[in-house]
Amino acid sequence: MSEDVLKNDKKNKIEWWKSQGIEPYGRKFTREPVASLTPDRKGIVSIAGRIMTIRRHGKAAFCDVMDQSGKIQVYFKKDILGEILFERFKNLDVGDIAGLKGELFVTHTGQLTLLVKDFVLLSKIIRTLPEKWHGLKDVEIRYRKRYLDLIMNPESQKVFSLRIKILNAIRNFLNNLGYFEVETPMMHPIPGGAEARPFITHHNALDMDLYLRIAPELYLKRLLVGGMEKVYEINRSFRNEGISTLHNPEFTMLELYSAYGDYQEMMDLTQDLISCVLREIFDSQEIDFGDTRINFGLPWKKIYWEDCWKRFGIENWRDKNKIKQVFSDLHLDTEGKEDTFELLDLLFKRKIEPELIDPTFIIKFPVEISPLSKSWPGDPSMVERFELYVGGLEVANAYSELNDPIEQNERFIKELEGPSERPKVIDQDYIEALEYGMPPAGGLGIGIDRLVMILTGSLSIRDVILFPVLRPKQ
RNA sequence: GGGCCGUUAGCUCAACCGGCAGAGCAGGGCACUCUUAAUGCCAAGGCUGGAGGUUCGAUUCCUCCACGGCCUACCA
């Protein structure tokens with residue numbers, strides 16, 4: 001280890017502990033979470049954690065010790081500890097991890113405190129923690145050195161513990177409904193299930209390129225063919241695209257499929273799932289997100305995609321000239337877009353999406369932008385599909401799954417004619433699977449990171465991902 | 001990829017029109033046995049993100065580079 005790492009004479013402290021015959025990096029220590037301790041607790045209790053502050057008073061000192069459950073004040077007193085242990089205490093620093101044994105008491109100011117009778121050093125800090133009062137604010141360091149963020153910023157600790165609780169609640173909810181949690185490949189020979197640029201990697205022994213998956217969809221539906229009726233996967237997908245407050249190159253998606261169901265069932269399920277998470281974890285139907293308050297009270301709004309355009313005077317959304325007219329009437333830049341769907345998408349993003357604060361289902365989409373969805377009964381130009389918007393963000397996407405192999409193949413062929421940056425290859429293996437018969441099914445995808453953003457009031461996806469993608473320093 | 005903003009001590013922040021780079025906390029020393037942003041005293045801490053340029057003189061003005069943030073774009 002280099003000299004400059006051993007800051008501020010802490011190297012000498014390491015030497016001091018060694019000179020006392022004590023290994024400054026300790027071993028197993030049996031302890032209780034500090035938050036579980038109450039004043040009526042009698043006898044010796046053991047706790048362990050990081051020393052966050054030291055207030056020295058000559059022959060005594062108060063410290064705050066933090067473990068994952070919370071903080072507790074501890075009191076070191078020379079006449080209680082004796083010469084040897086008090087000398088050891090003097091060689092403790094803010095940031096050290098220690099195991100402490102003692103008795104609980106309440107101070108004159110009414111604070112629960114552990115009177116330390118014995119302690120061991122479990123890990124010596126040889127750097128300096130960020131400042132105790134302002135914490136760690138530099139966002140770059142917070143992302144790069146998340147461990148410091150977690151030590152110094154309780155709000156950050158809170159967001160990630162909520163993320164875990166949300167995921168557990170989702171899993172419990174689905175497991176109770178009989179869904180199987182499955183794991184499908186993350187390395188795909190042909191990327192599919194979404195429209196996105198993939199990451200490419202290479203397998204040496206097979207001498208072949210593989211793609212990090214952009215969605216698990218096509219594999220999960222192969223499981224429906226195989227007779228698994230309710231499956232879900234919560235894991236990473238990867239998209240080789242720009243980074244923003246809403247996009248991280250690797251992100252977590254929930255995808256689930258229910259045989260013999262449809263998009264309506266998925267709409268009910270989405271409502272039930274998110275309502276359940278709110279009830280169990282937040283005990284509230286309202287969440288503050290930025291400047292707005294989101295009301296999750298049932299039932300959620302439903303708007304037909306086709307009806308979105310009527311407020312702009314667009315009666316026929318295939319009328320490209322009319323759409324362009326609207327852009328010019330609204331003084332909205334078309335940004336060089338010519339394609340009808342791209343223009344509508346842009347109009348939606350600029351004018352409609354920001355207003356969708358309370359949960360809103362957008363229903364029934366054109367087939368052209370929904371290559372894996374089952375057509376609308378009696379209208380083959382539209383499909384049974386919805387998207388869910390909350391807080392102005394797209395959070396979920398679901399549809400009745402297309403299970404007709406012939407139509408699916410035709411849709412894939414049409415897709416190839418589009419301007420996709422994906423490899424121009426059809427997943428014939430998937431078509432073959434459909435040819436063996438896939439039950440009709442409802443499928444649902446939920447962007448977990450975005451859902452966690454909304455539920456925790458985080459305005460950047462980087463605040464809900466422990467280690468977001470960053471360029472390496474220097 | 002484009003635009004704007006930022007980068008000063010371990011951390012949080014100052015430094016007027018270009019004139020010796022400053023504080024709090026942390027760290028070091030001393031004192032102090034109920035403090036909680038403990039307190040008091042002493043000492044230390046810097047290649048101002050990097051490289052050039054303008055200038056007698058650059059943290060400050062200019063150019064390029066690196067990293068980050070926000071917006072935008074690609075995209076759900």
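Numbers restart at 1 for each chain; the letters A, B, ... are given by sequence-line order, proteins then strands. As the structure is a prediction and not an experimental result, all values here were calculated from the model. Only heavy atoms go into these numbers, but all of them, side chains included; no hydrogens, no water, no symmetry mates.
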Would you write out the dot-bracket form of RNA chain B, 5' to 3', with Watson-Crick and G-U pairs under 3.5 Å, [ ] for crossing pairs, | for pairs to other strands and . for unpaired bases?
(((((((..((((.....[..))))..((((.......))))......(((((..]....))))))))))))....

May I ask you to verify if any side-chain N or O of A/Lys337 is less than 4.0 angstrom from the OP1 or OP2 atom of B/rC74?
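True: A/Lys337 side-chain N/O within range (under 4.0 Å) of B/rC74 OP1/OP2.
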
Can you find a side chain N or O atom of A/Arg56 that sits less than 4.0 Å from OP1 or OP2 on B/rC32?
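A/Arg56 to B/rC32 OP1/OP2: no side-chain N or O under 4.0 Å.
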
Would you call A/His57 stacked on B/rU33, i.e. ring centres under 5.5 Å apart with the planes less than 30° off parallel?
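One would not call A/His57 stacked on the B/rU33 base.
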
Any donor-acceptor pair under 3.5 Å between the side chain of [X] and the base of [N]?
| X | N | value |
| --- | --- | --- |
| A/Ser244 | B/rU72 | no |
| A/Asp64 | B/rU36 | no |
| A/Gln73 | B/rU35 | yes |

Between [X] and [Y], how do the two ring planes meet: parallel, tilted or perpendicular, split at 30° and 60°?
| X | Y | value |
| --- | --- | --- |
| A/Tyr389 | A/Phe348 | tilted |
| A/Trp309 | A/Trp305 | perpendicular |
| A/Phe238 | A/Phe199 | perpendicular |

Applying ring-ring contact (aromatic ring centres under 6.0 Å, His included), name anything that partners A/Tyr430, two or more places apart in sequence or on another chain.
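Testing A/Tyr430 for ring-ring contact (aromatic ring centres under 6.0 Å, His included), a comparison that skips the adjacent residues, returns none.
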
Can you name the residues that form a salt bridge (charged side-chain N to carboxylate O under 4.0 Å, His left out) with A/Lys374, not counting sequence neighbours?
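A/Lys374 satisfies salt bridge (charged side-chain N to carboxylate O under 4.0 Å, His left out) with no other residue.
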
